[in-house]
Amino acid sequence: MIMGGTQSEHKLINADGKTRYDGRKLDELRPISIQAGVLKRADGSAYVEWGQNKVLAAVYGPREVHPRHLQNPARAIVQARYNMASFSVGERKRPGPDRRSQEISKIISEAFTSVVFVEQFPRTTVDVFMEVLQADAGTRCAGLTAASVALADAGVPMRDLVPAVASGKVEGVVVCDLNKEEDNCGEADVPCAILPRTGEFLLLQMDGHLTYDELMQAMEYNRKAALVINELQKEALRKKYSIITLQNNEMKEEPPKETPEVPQEAPPAMPQAQGPEGGA
Ligand code: ADP
């Protein structure tokens, strides 16, 4: 079975037809952990570990668009930028934007434009940055999931949080949340972003070949998995400074990781404000 041009050295679906070589069931997600509010200087941020994927998201805005001729007087523009670090993959990736990252940035911008209440912030931009620190398939979905938490952390009003996940077909079997080997050696990949409240699909892509029934099965796996991921997103925001982890389909809470105290410089003494009568 060759889709991505490579052939796996071992069977990806076990002989029982119900489990995968990494031990997961056909409809099982990889372990996921989401942490909200990880960056001090961004308006909102989130960090997601998803299997071997590690993705950081930061949000700035809404802030005024410069240059001004790019402003939209009717609504905010949402500009997402997806970037994969050179060290995120096995072979060093050439740094900077390429066709793939531009395509992913565009589809994520479009997905968020339809979920953020953009009419409330005319002439502004909401900038969403996703940095993939380690990649192992499903990074656009991990990026979108992280960015959605970062947008909520920034207080940007949205219709809903957006979970995303990619199911696909491996050795003739539809499976949920492809890992790198399944993505590279499988026959199809279907990333989706879903609005949990309405079940709307904000993003649907397909790479490879599936029958109608297989596509419906992949979308159903994505829909169900999105509800689980959405719970993690909400829980991460609720416990902003805790880490919520999915391990063997069970949600766990860990205390926040210790961050070293940065010595604060004392602010310069301000002159005392004078009241109208000259008093303090
Ligand atoms: P996604 O990460 O959303 O699944 P793709 O299907 O395009 O996106 O990529 C699958 C995986 O292939 C990535 O997660 C990454 O591990 C790997 N990959 C993608 N682009 C490159 C690249 N330029 N160099 C090395 N590996 C890459």
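Side chains are part of it too, since the values below use all heavy atoms of this structure and drop only hydrogens, waters and symmetry mates. Counting starts at 1 for both ligands and their atoms, following the listed order.
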If you measure from each heavy atom of [X] to ligand 1, is any distance below 4.0 Å?
{"X": "Met84", "value": "yes"}
{"X": "Ala137", "value": "yes"}
{"X": "Arg100", "value": "yes"}

Pick from Gly138, Gly143, Ala142, Gly90: the one approaching atom 1 (P) of ligand 1 most closely through a non-hydrogen atom
Gly138
Other residues, nucleotides, ligands: >12 heavy atoms within 6.0 Å of Lys93 NZ
yes
For [atom], find the nearest protein heavy atom and state the residue, atom name and distance (0.1 Å precision).
{"atom": "atom 23 (N) of ligand 1", "value": "Lys93 CG, 3.9 Å"}
{"atom": "atom 17 (C) of ligand 1", "value": "Lys180 CE, 3.5 Å"}
{"atom": "atom 3 (O) of ligand 1", "value": "Arg140 NE, 2.8 Å"}
{"atom": "atom 6 (O) of ligand 1", "value": "Asp183 OD2, 3.4 Å"}

With sequence neighbours excluded, what pairs up with Arg92 under the salt bridge (Lys or Arg N to Asp or Glu O under 4.0 Å) test?
none
Those atoms of ligand 1 less than 4.0 Å from some heavy atom in [X]:
{"X": "Asp189", "answer": "6 (O)"}
{"X": "Ala135", "answer": "14 (O), 15 (C), 16 (O)"}
{"X": "Val89", "answer": "24 (N), 25 (C), 26 (N), 27 (C)"}

For ligand 1, the portion of Thr139 having any non-hydrogen atom under 4.0 Å away
both
With backbone taken as N, CA, C and O and side chain as the heavy atoms from C-beta onward, which portion of Asp136 lies under 4.0 Å from ligand 1: side chain, backbone, both, or neither?
backbone
If you look at every heavy atom in [X] and [Y], which pair is closest and at what distance?
{"X": "Ala36", "Y": "Ala236", "answer": "CB-O, 3.7 Å"}
{"X": "Val116", "Y": "Leu151", "answer": "CG2-CD1, 4.4 Å"}
{"X": "Val59", "Y": "Ala154", "answer": "CG1-CB, 3.7 Å"}

Charged N-O contact under 4.0 Å between [X] and [Y]:
{"X": "Glu103", "Y": "Lys106", "value": "no"}
{"X": "Glu119", "Y": "Arg75", "value": "no"}
{"X": "Asp22", "Y": "Arg24", "value": "yes"}

For Leu70, which fellow cluster members are found when Ile, Leu, Val, Met, Phe, Trp and Tyr are connected by side-chain heavy-atom distances below 4.5 angstrom, either directly or through intermediates?
Val65, Ile77
